[in-house]
Protein chains: 2
Amino acid sequence: MPDEISHNTDDPASAAPLGTAVDRRPADLRPDARRNRERVLKAAREVFAAQGTDAPVSTVARRAGVGVATLYRRFPTRSALLAAAFDDQLGECATVFEEALADPNPGHGLYTLLEKVCTTLVTDRGFDTVFMTGFPETLDYGRERACAEAGLTHLVQRAIDAGQLREDFDTADIPLLLLAVSGLAGQPPETALPAARRLLTYLFQSFQAHPPSRPGPLPPAPRMDLTGPHRTDGV
Amino acid sequence: MPDEISHNTDDPASAAPLGTAVDRRPADLRPDARRNRERVLKAAREVFAAQGTDAPVSTVARRAGVGVATLYRRFPTRSALLAAAFDDQLGECATVFEEALADPNPGHGLYTLLEKVCTTLVTDRGFDTVFMTGFPETLDYGRERACAEAGLTHLVQRAIDAGQLREDFDTADIPLLLLAVSGLAGQPPETALPAARRLLTYLFQSFQAHPPSRPGPLPPAPRMDLTGPHRTDGV
DNA sequence: GGTCAGGTGGACGGTGCCGTCCGCTTACGT
DNA sequence: ACGTAAGCGGACGGCACCGTCCACCTGACC
């Protein structure tokens, strides 16, 4: 599971020793450049959230009020820009993930973890792409991923042992759930969010080891029309 | 729900009286043209199934062994080609849908309907796009759709009345489920298919009005890695 | 205030796709 | 056999995007 992908901490000690250290630490930048960098990131977040990861780079540049060259100077490739734009979200993910691991009630931890991740997944268009693919070229993916996966397996096992998850629940069901939720990401957020919640509720009720004879309540079902991916173009 | 979109029956009586009658009836074509038309459709099915609806038209033409112009002559726009390519699948959908409506056991009817649709959704890449969007410009969508929706609501209501579906089940949960399953469509078919089955099982167990105290068995969980949309390029 | 590395923006070449145009080919009727 | 209309394919113009290049600014430091 691609949680806690290495996120830039703006900490000089975390300089990337790898050859791919294209994104120099913002602290070294001239203040105007630093300001532009921020503007680009802000614009990138907005544009990618609204239009998805396929949005043209020039749109981001225009929205940031800078030229394309400036943007490419900081983020030499599209992937780099994407990774940087979603970096803090990824970091937040990592935090939530650690909170979940620390939760004494594993079932509750797992639920809140997935609830939060799914919310982001469905609210921020384009986050799904970054989250799912993880940009093997841009970020050192493998280690963090393996670590997250191990933690997740452990959490799941704890929840099973506690009698909160059915015996035949599998760690692989979590990517499954994530993928399923990301299928809702194309909808406009105001329907996608309740939809995701409802789906999550359905699934969690199914995940229980001992379901009650009458199923628990569901969040409301949003009306949704499937026609088209619903670009929320901000001009 | 976009089931049973108007599918060409190759029946002369079904001539489109609308202005959009660009796709002349194959019977009128010269035999060589007719043959080429079939070749194009076959190639389109293959290419779109393997690469998704974004595949370039020229790829289809090349695979069919015809020039681009030939292709565009028959299918003046990309949408037309897509619609035509998935026409029979859509027709099959309609058949399955009617079978489901006719099933004396509404719960069983609903399950098999969704099982089949989901299988197609996950097996044929690109079918999801066509199925979900339904091409309002190309096909007369509204009537069929409304009809399907009404039938579906009726089926759901029957299943609820029969005590097979929980009271708070909503017709809108079906698009929800479809969307969720289509989220798996990016995976390679050999993992996507079992994944879809498992997801469907989880959900249906949750849909039951009176779940058993021990949940029923699940189909196996496939290992899946989320990294990337997994183009299955057939060269 | 001068100099210059670092920063900037717009213009540019490259690429991949769409959908059309036009001159050649082929099947069918006489 | 031959004329004609239908069919054909490659080449083409247009467009959108990517990523680079270069000539012009600007802020920090002497």
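Chain letters run A, B, ... following the sequence lines, proteins first, then strands; residues in each count from 1.
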**Asked** Salt bridge check: are B:Glu38 and B:Arg34 linked by an N-O gap of less than 4.0 Å?
**Response** no
**Prompt:** Once the angle between the rings of A:Phe127 and A:Phe86 is folded into 0 to 90°, is it parallel (under 30°), tilted (30 to 60°) or perpendicular (over 60°)?
**Reply:** tilted
**Request:** Apply salt bridge (Lys or Arg N to Asp or Glu O under 4.0 Å) to B:Arg45 and list each qualifying residue two or more places apart in sequence or on a separate chain.
**Result:** B:Asp88
**Prompt:** So, is A:Asn36 close to the C:dG7 phosphate, meaning a side-chain N or O under 4.0 Å from OP1 or OP2?
**Reply:** no
**Message:** If the cut-off is 4.0 Å, is B:Arg74 near the phosphate of D:dG7, judged by side-chain N/O to OP1 or OP2?
**Reply:** yes
**Message:** What is the distance, to the nearest angstrom, from the CG atom on A:Leu71 to the C1' atom on C:dG10?
**Reply:** 14 Å
**Complete:** For nucleotides 15-20 of chain D, 5' to 3', base contacts (B), sugar-phosphate-only contacts (S) and non-contacts (-) with protein non-hydrogen atoms under 4.0 Å give --SSBB
**Nucleotide C:dG10, atom P - distance to CZ of A:Arg73 in whole Å** = 16 Å
**Item:** Whole-Å distance separating the CZ atom of B:Arg37 from the P atom of D:dA6
**Value:** 18 Å
**Prompt:** Under the side chain to side chain donor-acceptor pair (under 3.5 Å) test, which residues partner A:Gln89, sequence neighbours left out?
**Reply:** A:Asp124
**Asked** Under 4.0 Å between a side-chain N or O of B:Thr70 and OP1 or OP2 of D:dG9?
**Response** yes
**Prompt:** With sequence neighbours excluded, what pairs up with A:Glu115 under the side chain to side chain donor-acceptor pair (under 3.5 Å) test?
**Reply:** A:Arg197
**Message:** Whole angstroms only, please: what is the CZ-C1' distance between A:Arg39 and C:dG7?
**Reply:** 13 Å
**Message:** So, OP1 or OP2 of C:dG9: does either fall under 4.0 Å of a side-chain N or O from A:Arg62?
**Reply:** no
**Message:** Quick check: do B:Leu82 and B:Phe75 have side-chain heavy atoms less than 4.5 Å from each other?
**Reply:** no
**Request:** Answer whether the closest heavy-atom distance between the side chains of B:Cys118 and B:Leu178 falls below 4.5 Å.
**Result:** yes
**Message:** Which residues pass the salt bridge (Lys or Arg N to Asp or Glu O under 4.0 Å) test with B:Arg223, not counting sequence neighbours?
**Reply:** A:Asp170
**Item:** 5'-most by nearest nucleotide on DNA chain C - A:Gly67 or B:Arg35
**Value:** A:Gly67
**Asked** Atom OG1 in B:Thr77, atom OH in B:Tyr72: separation rounded to 0.5 Å?
**Response** 7.5 Å
Mind listing the N/O atom pairs, protein and nucleotides 27-30 of chain D, below 3.5 Å?
none

